[in-house]
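What follows is a short report on a single structure.
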Amino acid sequence: MELPKKYNHIKRDQAIYKKWMDQNLFHSEPDEREPYTIVIPPPNVTGVLHMGHMLNNTIQDVLVRRARLLGKNACWVPGTDHASIATEAKVVKRLEAQGIKKSNLSREDFMKHAWDWTEEYGGTILTQLKRLGASCDWDRTRFTLEEDLSNGVIEVFVDLFNKGMIYKGVRMVNWDPKAQTALSDEEVIHKEVNSKLYYLNYQIEGEEEFLTIATTRPETILGDTAICVNPKDERYLHLKGKRAIVPLIGRSIPIIQDEYVDLEFGTGCLKVTPAHDINDYELGLKHNLPSIDILNDDGTLSEKAELYVGLDRFEVRKQIAKELEAKGILAKVEDMKNKVGFSERTDAVIEPKLSLQWFLNMKEMAKPALEHVMDGTIKFYPENTKNTYKHWMNNIKDWCISRQLWWGQQIPAYYYGDGANDFVIATTLEKAVELAREKTGKAELKATDLRQDEDVLDTWFSSWLWPISVFDGFKNPDNEDFKYYYPTNDLVTAPDIMFFWVARMIMAGYEYKGLPPFKNVYYTGMVRDEKRRKMSKQLGNSPDPIGLIEKYGADGVRVGMLLSAPAGNDLLFDEGLCDQGRNFSNKIWNAFRLVKGWEVNEKAEVSVVAEQANEWFTAIFQKNLAEINANYDKFRISDVLMSSYRLTWDEFCSWYLEMVKPDYQKPLAKKTYFQVIAHFENILRVLNPFMPFITEEIWQLLSERESTDSLMVNTWPVEERAADVVQEFESYKKLISEIRTIRKDKNISFKDQLELKVIADQSASTRYDAVVIKLTNLKNIEYVNTKVENSLSFVLGANEYFIPFAEEVDVAAEKNKLKEEINYQEGFLNAVEKKLSNSRFVDNAPEQVVANEKKKQADAQAKIEVLKKQLASL
RNA sequence: GGGCGAUUAGCUCAGUUGGUUCAGAGCACCUCGUUUACACCGAGGGGGUCGGGAGUUCGAAUCUCUCAUCGCCCACCA
């Protein structure tokens with residue numbers, strides 16, 4: 001069989017994936033094995049795969065695949081999120097492109113368009129994940145708006161309402177004028193912006209005097225209902241009880257006093273606009289002020305503003321500033337920086353708005369959710385993310401859950417009248433009718449007499465139930481799946497949705513199941529470009545994931561992503577990482593080609609070197625395996641990969657294979673061959689979670705197998721005790737390195753066989769001499785008693801080595817080398833002896849530390865002696 | 001304004017309770033190289049006073065304080 005020089009991922013990856021699918025290897029059903037479960041953070045239906053998904057899902061796949069190899073019943077549940085506001089925005093945009101306005105559509109028609117969109121694009125991202133190699137149980141794919149999940153959401157809403165935790169009320173909320181909906185606090189992003197502070201003169205009613213207020217939003221003066229000063233402010237004591245006139249519209253408003261006002265800021269006078277600022281709203285309540293809402297839902301000024309009606313708020317700001325200036329009301333303008341809230345989705349500037357919305361009080365739910373993270377029932381990686389979590393949970397506010405959108409879960413409130421409380425909450429319309437009849441005593445009420453609340457629920461009100469609802473934990477709480485898979489094991493997600501999602505899932509988990517939704521949360525970092533910038537469409541710095549997969553192979557990209565992505569750290573992505581991943585694939589492939597190319601003969605003699613190589617590699621493999629397992633337990637995935645990488649590249653390829661490699665045109669002993677295959681298979685097992693494709697391919701080709709015998713459902717290597725030879729072998733690596741250096745320094749070709757002569761220390765081992773001979777191309781190693789004339793020499797430990805040299809040896813240079821070495825050793829010895837002569841060190845330090853220093857002292861002394869001897873003999 | 005965290009080789013990062021192999025890894029860089037897999041390779045090599053300063057200690061990258069710079073989260077100062 002002629003093997004290609006490179007692994008052809010284009011040709012093979014998708015075929016391998018198909019085989020896994022055909023064999024149904026990703027599918028899981030409850031059985032007697034230990035379950036291992038991950039639920040995917042459901043990507044938005046509208047989404048296409050970006051680098052963040054790549055990182056996140058690669059990590060999940062690594063964890064799932066390893067669990068599978070460990071013999072657990074691994075189940076990774078995929079799915080998508082309906083993403084209410086994000087999807088609706090896209091659908092609206094598409095309709096606009098077709099010349100259709102949302103406002104001209106009925107709710108029903110709009111929903112049809114939205115479902116069309118979902119069917120069209122909803123599967124895209126999941127298909128893309130398959131290219132990455134994601135081993136999700138696709139039979140279990142769920143969607144947050146599908147019937148069963150949707151029913152769960154309704155049930156929870158009804159339940160929380162009945163418990164008094166959900167309520168409807170008028171509150172100051174974050175209003176997104178672009179999407180024209182209320183938002184939760186978490187959906188508002190505060191950014192520092194450059195703005196202007198306008199100083200405006202308000203006339204005191206009935207007097208010539210003016211007072212000056214400072215505001216960043218001059219357009220809101222049209223909604224002013226008071227001026228407020230601090231009662232301690234001596235500048236304004238005389239204004240108590242007086243009134244001021246709002247410029248331009250001439251409205252008379254009271255001048256009130258409140259400690260809230262900061263004497264230092266601006267002029268110490270605050271204009272109060274209760275409808276458009278949360279603090280002003282509070283002041284308004286306290287002082288019983290009227291509230292004038294001057295804004296329409298789309299951010300234009302309303303009739304109540306009296307002026308500039310119908311114009312956008314920012315346009316008004318420009319114009320009103322000019323008008324105020326022209327009329328001499330504007331005293332001055334200062335530049336300043338302040339924080340402004342922006343909508344996470346639409347980037348529109350948020351307006352605080354008094355509005356009737358649905359809220360969820362989470363104070364009680366937060367208690368167990370906080371407690372079980374703090375006590376480690378649920379572990380966070382990295383651990384310090386717990387602090388952020390704790391702070392938020394301790395200051396939790398009511399969650400505004402209603403959205404003025406259509407695409408989403410419609411609120412199950414049914415109105416039978418126009419009064420604020422003329423509604424019932426029910427899981428179905430039929431039940432609503434019953435309840436309405438009971439409540440009103442009107443037996444004649446029909447379904448058509450009821451009107452369902454128009455609002456939908458925040459997307460996260462669906463997603464917070466995800467780990468429960470994907471296993472039908474609401475529909476059928478006692479079902480086998482739910483009992484078996486819940487609580488899930490690990491959640492892999494980005495820290496920016498800790499509050500949106502993670503915290504709320506934990507709350508829902510305890511509220512509804514009395515159990516955590518997962519045991520570990522792994523927070524990935526953000527994927528940035530090599531200049532640390534966020535990846536964004538505008539910057540065009542986000543590579544196309546599918547393009548990368550096609551260029552480097554899924555294995556290469558996976559390795560590239562994980563090579564430098566410790567938990568919580570941002571990943572500075574550049575394509576060089578994929579190069580490295582692809583090179584690694586190539587290295588493994590070629591190791592395979594090498595092994596496959598060997599002629600194997602039953603009668604060939606097993607070499608000493610091959611036996612020693614086998615013993616040593618077994619030991620070094622075990623050492624690495626222990627490290628790898630430990631790092632998995634700590635979720636140090638990139639460290640796992642790095643250990644595996646070095647184990648494969650350095651230990652397996654550069655050392656082990658070089659050792660067992662048969663001599664030119666000689667066959668390899670069958671026994672040795674089987675050892676090589678066994679070690680290679682262990683390497684493949686360890687690499688498989690990271691590089692599922694190429695390892696599977698080699699697994700199939702390395703030895704004759706049934707095609708159904710897939711590596712992905714094979715076993716993880718077992719940790720066992722191995723001969724303790726690693727340390728000893730390391731010193732031989734040093735010797736080999738030394739000889740190679742001499743070859744290089746003296747320009748001696750590898751083809752020229754060298755002789756090595758040694759004056760050995762009594763205790764020196766000769767165990768791996770054959771290895772040295774093979775790897776450095778020596779004639780032999782000869783043990784001698786006296787120095788060898790005209791040779792290149794060096795000292796290792798307490799041994800003197802000589803390599804006879806055909807040319808004249810530069811004695812002066814050799815002497816210098818020795819002197820330098822002696823100097824270094826003496827300096828070292830000095831430091832050690834200084835330590836040992838310090839009684840406080842000897843008395844205080846642990847015995848072992850002192851003993852070690854003594855050993856270092858003895859070793860250094862011995863070495864110096866040998867070096868001096870050699871110097872003298874030159 | 002409050003809180004959390006970081007600062008170690010050109011880059012990205014390890015460094016567990018202070019003391020063995022404590023100054024490390026990968027990449028990048030330099031030199032040489034067609035040695036029976038791989039130039040997507042091999043062999044060899046250079047490179048850091050562990051952000052600055054002070055302190056505790058026999059001993060500090062590691063503990064304390066302080067300064068500087070940079071992140072992240074939270075917060076209603078117009």
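Protein chains get the first letters and strands the later ones, always in sequence-line order, with residue 1 at the start of each. When reading the values below, keep in mind they use all heavy atoms of this one structure, side chains included, and skip hydrogens, waters and symmetry mates.
Atom pair A:Ile637:CD1 and B:A14:P shows a separation of 14 Å (rounding to whole Å applied). Here the P atom of nucleotide B:G42 and the OH atom of A:Tyr656 are 19 Å apart, to the nearest Å. Per the geometry, CZ belonging to A:Arg743 stands 18 Å off P belonging to B:G42, to the nearest Å. We find that CD of A:Glu627 is positioned 16 Å from P of B:A14, with the value rounded to whole Å. The interatomic distance linking A:Ile736 (CD1) with B:A43 (P) rounds to 11 Å, in whole Å. When the P atom of B:G5 is taken as reference, atom OH of A:Tyr389 falls 19 Å away, rounded to whole Å. Between A:Leu836 atom CG and B:U20 atom C1' there is a gap of 13 Å when expressed in whole angstrom units.
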Detail all sub-3.5 Å separations between protein N/O atoms and N/O atoms belonging to nucleotides 76-78 of chain B.
residue : atom : partner  : partner atom : Å
B:C76   : O2'  : A:Asn279 : ND2          : 2.9
B:C76   : N1   : A:Asn279 : OD1          : 2.9
B:C76   : O2   : A:Tyr260 : OH           : 3.3
B:C76   : O2   : A:Asn279 : OD1          : 2.4
B:C76   : O2   : A:Asn279 : ND2          : 3.2
B:C76   : N3   : A:Asn279 : OD1          : 3.4
B:C77   : O2   : A:Asp262 : OD2          : 3.4
B:C77   : N3   : A:Asp262 : OD2          : 2.5
B:C77   : N4   : A:Asp262 : OD2          : 3.4
B:A78   : O2'  : A:Ala214 : O            : 3.4
B:A78   : N6   : A:Asp262 : O            : 2.9
B:A78   : N6   : A:Phe265 : O            : 2.9
B:A78   : N1   : A:Asp262 : N            : 3.4

Pairwise N/O distances under 3.5 Å, protein to nucleotides 6-12 of chain B:
residue : atom : partner  : partner atom : Å
B:U12   : OP1  : A:Arg532 : NH1          : 3.3

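With the nearest nucleotide of RNA chain B identified for both A:Thr741 and A:Lys6, A:Lys6 has the one nearer the 5' end.
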Which is it for A:Met642 and A:Leu563 under the side chain to side chain contact (heavy atoms under 4.5 Å, CB included) test, yes or no, and what are the steps along the way? CA-CA 7 Å; A:Met642 189 42 72; A:Leu563 268 172; 3.5 Å; yes
Which is it for A:Glu833 and A:Lys854 under the salt bridge (Lys or Arg N to Asp or Glu O under 4.0 Å) test, yes or no, and what are the steps along the way? CA-CA 8 Å; A:Glu833 288 184 334; A:Lys854 282 187 177 157; over 6 Å; no
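Using P as the reference atom, B:U31 and B:C72 are 40 Å apart when rounded to the nearest Å.
No more than 12 heavy atoms of other residues, nucleotides or ligands lie within 6.0 Å of NZ in A:Lys623, so this atom counts as exposed by the packing criterion. For A:Glu847, the CD atom is loosely surrounded, since the number of other residues' heavy atoms within 6.0 Å does not exceed 12.
The side chain of A:Asn384 lies closest to B:C4 when the candidates are B:A37, B:G19, B:C4. Out of B:C40, B:G42, B:A25, the shortest distance to the side chain of A:Asn583 is found at B:C40. The nucleotide whose nearest atom lies closest to any side-chain atom of A:Lys587 is, among B:C41, B:G19, B:C4, B:C41. With B:C38, B:G15, B:A37 as the choices, the nucleotide that has an atom nearest any side-chain atom of A:Ala591 turns out to be B:A37. Comparing atom distances between the A:Ala845 side chain and each of B:G19, B:A14, B:A37 picks out B:G19 as nearest. Comparing B:U36, B:G42, B:A43 against the side chain of A:Tyr664 picks out B:U36 as the nearest. Checking B:C38, B:C58, B:C73 against the side-chain heavy atoms of A:Lys5 singles out B:C38 as nearest. Side-chain proximity of A:Tyr645 to B:G26, B:C40, B:C38: nearest is B:G26. Checking B:C40, B:U35, B:C72 against the side-chain heavy atoms of A:Phe750 singles out B:U35 as nearest.
Among the atoms of the strands shown, only primed sugar atoms or phosphate atoms (P, OP1, OP2) are found under 4.0 Å from some heavy atom of A:Trp649.
Between the base of B:C40 and the side chain of A:Arg582 there is a donor-acceptor pair shorter than 3.5 Å. One N or O donor and one acceptor, one from the side chain of A:Lys744 and one from the base of B:U31, sit under 3.5 Å apart. Counting atom types as modelled, A:Glu658 pairs a side-chain N or O with a base atom of B:A37 as donor and acceptor under 3.5 Å.
Using a 4.0 Å cut-off between a side-chain N of Lys or Arg and a carboxylate O of Asp or Glu, A:Lys531 and A:Asp529 do not qualify as a salt bridge. For the pair A:Glu599 and A:Lys666, the salt-bridge criterion is not met [side-chain N within less than 4.0 Å of a carboxylate O]. Ionic pairing of A:Glu192 and A:Lys337 is not present here: no N-O contact between side-chain nitrogen and carboxylate oxygen is shorter than 4.0 angstrom.
Exactly one of A:Lys551, A:Arg582, A:Gln580 qualifies for a side-chain hydrogen bond (donor to acceptor under 3.5 Å, both in side chains) with A:Glu575. That residue is A:Lys551.
Remark: the backbone N or O of A:Thr220 is not paired with any side-chain donor or acceptor of A:Arg313 at under 3.5 angstrom.
Annotation: side chain of A:Glu344 is not in contact with side chain of A:Val188 (no heavy-atom distance under 4.5 Å). You'll find the side chain of A:Trp649 stays beyond 4.5 Å of the side chain of A:Ile588, heavy atoms only.
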